[in-house]
Amino acid sequence: MDNLILLDYDTLRIIWWLLLGVLLAAFAIMDGADLGVAMVLPLVARSDDERRTLYNVIGPVWEGNQVWLIVAGGVAFAAWPLLYAMAFSGFYLAMMLLLVALIVRPVAIKYRSKLSSTRWRRNWDAIWTASGLVCALVFGVAIGNVMLGVPFGFDPTTLRPMYHGNFFGLFQPFAVLCGLLSVLMLAFQGAVVVAWKGSDHVARRARAWAMPLGLLSILAFAAGGWWISAMNGYSMPWPEVAHAMSNPIGKTVEMVEGGWLANYRTWPALWAAPIVGFAGLLLGALLAGRGRGLLALLFSSLALGGIILTFGFAVFPFLLPSSLNPGSSLTLFDASASHLTLWIMLLVTLVFLPIIVLYTSWVYSVMRGKVSVASMNDSSHSY
């Protein structure tokens, strides 16, 4: 069996941490665009045909884009079962709110055009927009709470994780700021997609909204960075838990002012991530305003990837810090599945992840081109 294991335990842990980051970035870019299109619907669409345009912009791809969220959840469950257990029990009500939003979103997309009633369609439009807003907000608030620390610990007898917080405690000022950043950057991504795929007045209004949404995202990202530099972060000598079986209570963790910037001080090359975030937002907004849709989408997508990586590099090696007992914080080294499990999962991923990428690329290639009233009327599968 040892001969079959070609990578050491810690290398596999880091590979899976990187893969989780890639999956979250892909979700933010792909499905985040769908959420953003829903959020900008009241801003860019006036008539029923214009609102239908937004549904048809994401119609061929939204179901496939959700795969990234499903895969990311599967990775968290299989690679870090303690993280999955603690996050889904601690954030239970927030997860239920997210789940409801994710359920009503496809219902709105599928049922909106079943009747020609104006009231019927406007109600589903409102539900669709609200679902995008709720999803974006919950994701951002969750990220903010990870950086603040979550009030949990372990039962000293059974080592069962115990959560001691409540739903409203999740909405602390910094977490709300992170939620606002998530809403703004996904709405920006949605506006850029509509500017690229839409036509006529819809595309023009989307271009007009892309600039302020991009600039507001920059301000929120900068405010978050300034806040992080002054707040307490978590610090630990992570090599002390490396090369060992997972044991989340066998380490020493300290709270340090500006601790979340420690990795950036140690490895200055990591500053490339926030730089890409800022530059991508600015260039994406400028290019969208000038009608360079595909190029603007490239830069806005780079911005989202840069922002996700900025968070990941800051909290490494932590997955879920504990504000109640810092020593109980979960890290990628002490909360992972077994060596063999990570290795088998990697082999499966190397087979199926390229298939997902190729299929997604094929769908976008087939569905290329702008969405207009004429194209919707000519298609038997339009919304």
- Are the charged groups of Asp200 and Arg205 less than 4.0 angstrom apart, N to O? no
- What pair of heavy atoms forms the shortest contact from Ala25 to Gly305, and how long is it? CB-CA, 4.3 Å
- Task: Quickly, which of Ser322, Ser323, Pro321 forms a side chain to side chain contact (heavy atoms under 4.5 Å, CB included) with Phe152? Name it, please.
- Result: Ser322
- Separation between CG (Leu295) and CZ (Arg290), nearest 0.5 Å, reads 11.5 Å
- Query: Rounded to the nearest 0.5 Å, how far apart are CG of Leu148 and CD1 of Ile228?
  - Reply: 9.0 Å
- Query: Can you check whether Ile109 reaches Ile58 side chain to side chain, under 4.5 Å on heavy atoms?
  - Reply: yes
- Donor-acceptor contact present, side-chain Thr11 to main-chain Leu7, <3.5 Å: no
- Co-membership, hydrophobic cluster, residues Tyr359 and Val357, 4.5 Å side-chain: yes
- How about Leu12 and Trp17: do any of their side-chain heavy atoms sit closer than 4.5 Å? no
- Report the distance from atom CG of Leu216 to atom CZ of Phe221, rounding to the nearest 0.5 Å. 15.0 Å
- Would Ile14 and Leu350 show up in the same hydrophobic cluster when neighbours are defined by side-chain heavy atoms closer than 4.5 Å? yes
- Item | Within 6.0 angstrom of His164 NE2, more than 12 heavy atoms from elsewhere | yes
- Gly280 and Ala303: which non-hydrogen atoms are nearest, and at how many Å? C-CB, 3.6 Å
- Which atoms form the tightest heavy-atom contact between Ile308 and Gly21, and what is the distance? CG2-O, 4.1 Å
- Query: Atom CG of Asn166 and atom OH of Tyr92: how far apart are they, to the nearest 0.5 Å?
  - Reply: 16.0 Å
- Message: As a quick check of understanding, evaluate side-chain contact (heavy atoms from CB on, under 4.5 Å) for Phe352 and Val348, giving each step before the final call.
- Response: CA-CA 6 Å; Phe352 287 99; Val348 174; 3.6 Å; yes
- Query: Would Asp125 and Arg52 count as a salt bridge (Lys or Arg N to Asp or Glu O under 4.0 Å) if you check the C-alpha gap in whole Å, the side-chain angles of each, and the deciding distance to 0.1 Å?
  - Reply: CA-CA 10 Å; Asp125 290 340; Arg52 282 184 62 213; over 6 Å; no
- Whether Thr129 side chain and Ala126 backbone form a donor-acceptor pair below 3.5 Å: no
- Message: For a 4.5 angstrom cut-off between non-hydrogen side-chain atoms, does Leu97 reach Val138?
- Response: yes
- Picking from Tyr234, Phe311, Trp227, Phe174, what satisfies ring pair (Phe, Tyr, Trp, His ring centres under 6.0 Å) with Trp260? Tyr234
- Message: Taking the side chain as everything from C-beta on, heavy atoms only, tell me whether Gln66 gets closer than 4.5 Å to Met30.
- Response: no
- Query: In terms of hydrophobic clusters joined by side-chain contacts under 4.5 Å, are Phe313 and Val276 together?
  - Reply: no
- Does Arg121 CZ have over 12 foreign heavy atoms under 6.0 Å away? yes
- Message: Just to verify, what does Leu282 make a side-chain contact (heavy atoms from CB on, under 4.5 Å) with, not counting sequence neighbours?
- Response: Leu215, Ile218, Leu286
- If we ignore angles and hydrogens, is there a donor and acceptor under 3.5 Å between the side chains of Asp334 and Thr331? yes
- Tyr9 and Phe333: aromatic ring centres closer than 6.0 Å? no
- Message: For the CD atom on Glu257, are there more than 12 heavy atoms of other groups (residues, nucleotides or ligands in this structure) within a distance under 6.0 Å?
- Response: no
- Message: Side chains of Ser300 and Gln189 only: does a donor on one sit below 3.5 Å from an acceptor on the other?
- Response: yes
- Message: Around atom CH2 of Trp209, are there more than 12 heavy atoms from other residues, nucleotides or ligands closer than 6.0 Å?
- Response: no
- Has the side chain of Ser365 got a donor or acceptor atom that lies under 3.5 Å from a matching backbone atom of Ser361? no
- Closest heavy-atom pair, Met236 versus Thr252, reported as atoms and distance to 0.1 Å, is CB-O, 3.3 Å
- Item | Aromatic ring pairing Phe77/Tyr84, orientation class (parallel under 30°, perpendicular over 60°, tilted between) | perpendicular
- Item | More than 12 heavy atoms from other groups under 6.0 Å of OH on Tyr264 | yes
- Tightest non-hydrogen contact, residues Leu213 and Ala187, listed as CD1-O, 3.7 Å
- Check: Ser182 side chain, Ala136 main-chain N or O, donor-acceptor pair, under 3.5 Å: yes
- Query: With a cut-off of 6.0 Å (strictly less than), are more than 12 heavy atoms of other residues, nucleotides or ligands near CZ of Arg265?
  - Reply: yes
- Message: Classify the ring geometry of Phe316 against Trp267: parallel below 30°, tilted from 30° to 60°, perpendicular beyond 60°.
- Response: perpendicular
- Item | Residue pair Thr266 / Asn263, side-chain donor-acceptor N/O under 3.5 Å | no
- Task: Can you see which heavy atom on Leu330 is nearest to which on Met86, and at what distance?
- Result: CD1-CB, 4.2 Å
- Message: Just verifying a value: how many Å separate Cys135 SG and Leu102 CG, rounded to the nearest 0.5 Å?
- Response: 4.0 Å
- Item | Evaluation steps, side-chain contact (heavy atoms from CB on, under 4.5 Å), between Phe318 and Val146 | CA-CA 9 Å; Phe318 292 93; Val146 169; over 6 Å; no
- Query: For Val141, does its backbone N or O pair with a side-chain atom of Asn145 as donor and acceptor, under 3.5 Å?
  - Reply: yes
- Evaluation steps, ring pair (Phe, Tyr, Trp, His ring centres under 6.0 Å), between Trp124 and Trp120: CA-CA 6 Å; Trp124 284 119; Trp120 170 273; 5.8 Å; yes
- Message: How about CZ on Arg204, more than 12 heavy atoms from neighbouring residues, nucleotides or ligands closer than 6.0 Å, or not?
- Response: yes
- If the plane angle is over 60° it's perpendicular, under 30° parallel, otherwise tilted; pick one for Phe167 and Phe171. perpendicular
